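Report on one structure; see the data block that follows.
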Amino acid sequence: LPFNCLRDLYVSSNRLICLASNDISHEQLIEIDIDHIPDNYFISKTLKSKKINLYSKAETYWFKGYGMKNTHAWIYKPNYSNKNKPPLMIKAHSGPTSLFDGSLNLEVQYWTSRGWLVAEVNYGGSSGFGRKYRERLNNLWGVVDSADCIALAKRLIDENLIDPLRIVILGNSAGGFTALNAIHQTNIFKAAICKYPVIDLNDMRLNTHRFERNYLNSLIGNFASNQKKYFERSPKNNLHKINKPILLFHGKNDSVVDYRKSVDFNKKLLEQNVHSEIFLFDDEGHGFKNIQNKQEVLKKTEKFFEYLFSFKNEREEIL
């Protein structure tokens, strides 16, 4: 089958049903009759788009992360070349024990079409690479994840693949937590762009939804005996260490992370003369759904980059 990501497998008699995707096709529901699979049926269905050559394909990439352990990322190179080395966008996934699966993501394609090299980091603790890999994050959330993102950026600099003066880090929710922790630990990242980031671990402990209640017991440790860790790893308590521009997006209907946390974070950054911007959406919760809002996020982010790097697109929009 022409898919590298299969999930939610269901079996009925001689038929397989699942959700399937790859790096050039959106997720789709497929049903397979095991006894009668027409030759090239899925290949012809999946590869019929005329825009395939415009997509940047996911390339698996291994590097030495925290503790010099092999760590995985997906690399998306710019889908056109010029004389300049591309800027780098490091993406930290949410979860935080989720993963990037390398399937088609139009936000990634948006940036590769504008000259960026995008790296999706499956930092230590991500699912899908075995139990030992997953357990790397135990008691070390806020340490391993940020260190892996930094290590990847350094590796790509060493390989002379990117412009070392134009590197940013992005993250949503838990990924925002990773980004905000990473940016004050190194001078490599020139800015952080975060959607509805986790800013206060104690607040997360008290107010997160019931499916993640006690989640932090494994990620940080039992609160009663690890209060210092909860304090030290919360981005709100490291504000004084941040001196790089920050761009924030948050929905006012967020029931997981209160948008007022981001508002207060932005206010305090401005008070210490750090360039910070925040954009709020009245109709969004924890995870943006509205397509117009998603487009607005991309436009605001691109404008932020123009301010940050005096960076103009070197190619006309193709998406």
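This one's a predicted model, so the numbers in the text were calculated from it and none came from an experiment. Quick note: numbers below take in every heavy atom, side chains included, and nothing from hydrogens, waters or symmetry partners. We count residues from 1, following the sequence as given.
- Put simply, NZ on K64 and CE on M68 are 6.0 Å apart, with the number rounded to the nearest 0.5 Å.
- Counted by atom type alone, D145 and T178 present one or more donor-acceptor pairs between their side chains at under 3.5 Å.
- You'll find the ring centres of W111 and F305 inside the 6.0 Å limit.
- Remark: aromatic rings of Y307 and H275 are close, center separation under 6.0 Å.
- No side-chain donor from either of H26 and S21 sits under 3.5 Å from a side-chain acceptor of the other.
- Judged by a 6.0 Å distance limit and a 45° cone about the ring axis, R114 is positioned over the six-membered ring of Y110.
- Taking a cutoff of 4.0 Å between a charged side-chain nitrogen and a carboxylate oxygen, E107 and K195 qualify as a salt bridge.
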Please evaluate residues Y259 and F281 with respect to the criterion ring-ring contact (aromatic ring centres under 6.0 Å, His included), reporting the C-alpha separation (whole Å), side-chain torsions for both, the decisive distance (0.1 Å), and the verdict. CA-CA 10 Å; Y259 79 93; F281 297 93; over 10 Å; no
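- In this structure, L216 and F223 have side chains that are not in contact, with every pair of non-hydrogen atoms separated by 4.5 Å or more.
- No side-chain donor-acceptor contact under 3.5 Å links Y61 to the backbone of L152.
- Taking every heavy atom of both residues into account, K289 and E284 meet most closely at N-OE1, 2.9 Å.
- Using a 4.5 Å heavy-atom cutoff, the side chains of L117 and K77 are in contact.
- With contacts defined as side-chain heavy-atom distances shorter than 4.5 Å, the pair K132/R136 does not qualify.
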Quick one: do I157 and I167 satisfy side chain to side chain contact (heavy atoms under 4.5 Å, CB included)? Show the steps, please. CA-CA 10 Å; I157 291 173; I167 304 176; 3.7 Å; yes
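- Put simply, L6 and L19 are part of two different groups of oily side chains (I, L, V, M, F, W, Y) that touch within less than 4.5 Å, one to the next.
- Judged by distance alone, the side chain of K91 and the main-chain N or O of G171 form no donor-acceptor pair under 3.5 Å.
- Considering all non-hydrogen atoms of both residues, K261 and I199 come closest at O-CD1, 3.7 Å.
- F288 has its ring centre less than 6.0 Å from the ring centre of Y196.
- Remark: side-chain polar atoms of Q272 are paired, donor with acceptor, to backbone N or O of L239 under 3.5 angstrom.
- Looking at every heavy atom in both residues, Y123 comes nearest to A92 through CE2-CB, 4.3 Å.
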Please walk me through it: do I278 and F249 pass side chain to side chain contact (heavy atoms under 4.5 Å, CB included)? CA-CA 6 Å; I278 186 168; F249 299 95; over 6 Å; no
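- The two residues A192 and I183 have their closest heavy-atom pair at N-CD1, 3.4 Å.
- With S234 contributing its side chain and L201 its backbone, the two residues share a donor-acceptor pair below 3.5 Å.
- There is a side-chain donor-acceptor pair under 3.5 Å between E120 and Y76.
- For the atom pair N293 CG and Q295 CD, the distance stands at 9.5 Å (nearest 0.5 Å).
- Nearest heavy-atom pair across G125 and L137 is CA-CB, 3.6 Å.
- In this structure, the side chains of H184 and P235 stay at 4.5 Å or more apart for every pair of heavy atoms.
- Judged purely by distance below 3.5 Å, without hydrogens or angles, the side chains of N22 and N4 never pair a donor atom with an acceptor atom.
- Between D203 and K236, every side-chain heavy-atom pair lies at or beyond the 4.5 Å cut-off.
- The backbone N or O of G128 lies less than 3.5 Å from no partner atom in the side chain of R134, so there is not a single donor-acceptor pair.
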Evaluate Q109 against S56 for side chain to side chain contact (heavy atoms under 4.5 Å, CB included), listing each step before the verdict. CA-CA 6 Å; Q109 300 302 324; S56 175; 3.8 Å; yes
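- Note that the CG atom of N105 and the OH atom of Y55 stand 11.5 Å from one another [nearest 0.5 Å].
- Side-chain contact check for I242 versus F265: some heavy-atom pair is nearer than 4.5 Å.
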Audit row: T97, Y215, side-chain hydrogen bond (donor to acceptor under 3.5 Å, both in side chains) steps and yes/no: CA-CA 10 Å; T97 54; Y215 195 15; 2.4 Å; yes
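- The closest donor-acceptor contact from the side chain of N172 to the backbone of G175 lies at 3.5 Å or more, if one exists at all.
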Could you go step by step and tell me if Y66 and L140 meet the side chain to side chain contact (heavy atoms under 4.5 Å, CB included) rule? CA-CA 11 Å; Y66 181 81; L140 289 171; 4.3 Å; yes
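- A donor-acceptor pair under 3.5 Å is absent between the side-chain atoms of N181 and the main chain of S146, judged by distance alone.
- Side-chain atoms of Y133 and T71 include no donor-acceptor pair closer than 3.5 Å.
- With hydrogens and angles left out, the side-chain atoms of N253 and D283 include no donor and acceptor closer than 3.5 Å.
- Side-chain polar atoms of N84 and D163 form no donor-acceptor pair below 3.5 angstrom.
- I75 and F63 end up in the same hydrophobic cluster when Ile, Leu, Val, Met, Phe, Trp and Tyr side chains are linked at under 4.5 Å.
- Transitive grouping of hydrophobic side chains (ILVMFWY, heavy atoms separated by less than 4.5 Å) keeps I162 and L165 in distinct clusters.
- Although no hydrogens or angles enter the test, the distance criterion places no donor-acceptor pair under 3.5 Å between the side chain of D8 and the main chain of C18.
- Grouping the Ile, Leu, Val, Met, Phe, Trp and Tyr side chains by contacts below 4.5 angstrom, directly or via other members, places L180 with V256.
- In summary, the side chains of S276 and N266 do present a donor paired with an acceptor at a separation below 3.5 Å, with no hydrogens or angles considered.
- T186 places a side-chain N or O within 3.5 Å of a backbone atom of I188 that can act as its donor or acceptor partner.
- Salt-bridge check for R7 with E27: passed, with a basic side-chain N closer than 4.0 Å to an acidic carboxylate O.
- Counting only heavy atoms from C-beta outward, the side chains of K190 and R166 never approach each other to under 4.5 Å.
- Contact between K252 and D282 at its shortest, heavy atoms only, is CD-OD1, 3.1 Å.
- Ion pair K268/D264 flagged as a salt bridge, since at least one NZ, NE, NH1 or NH2 atom sits closer than 4.0 Å to an Asp/Glu carboxylate oxygen.
- For H72 and S126, the side-chain atoms include no donor-acceptor pair closer than 3.5 Å.
- For the pair D23 and K57, the salt-bridge criterion is not met [side-chain N within less than 4.0 Å of a carboxylate O].
- Counting heavy atoms from C-beta outward, I90 and C149 have side chains that approach closer than 4.5 Å.
- Hydrophobic clustering, with ILVMFWY side chains joined whenever heavy atoms are under 4.5 angstrom apart, keeps L99 apart from V144.
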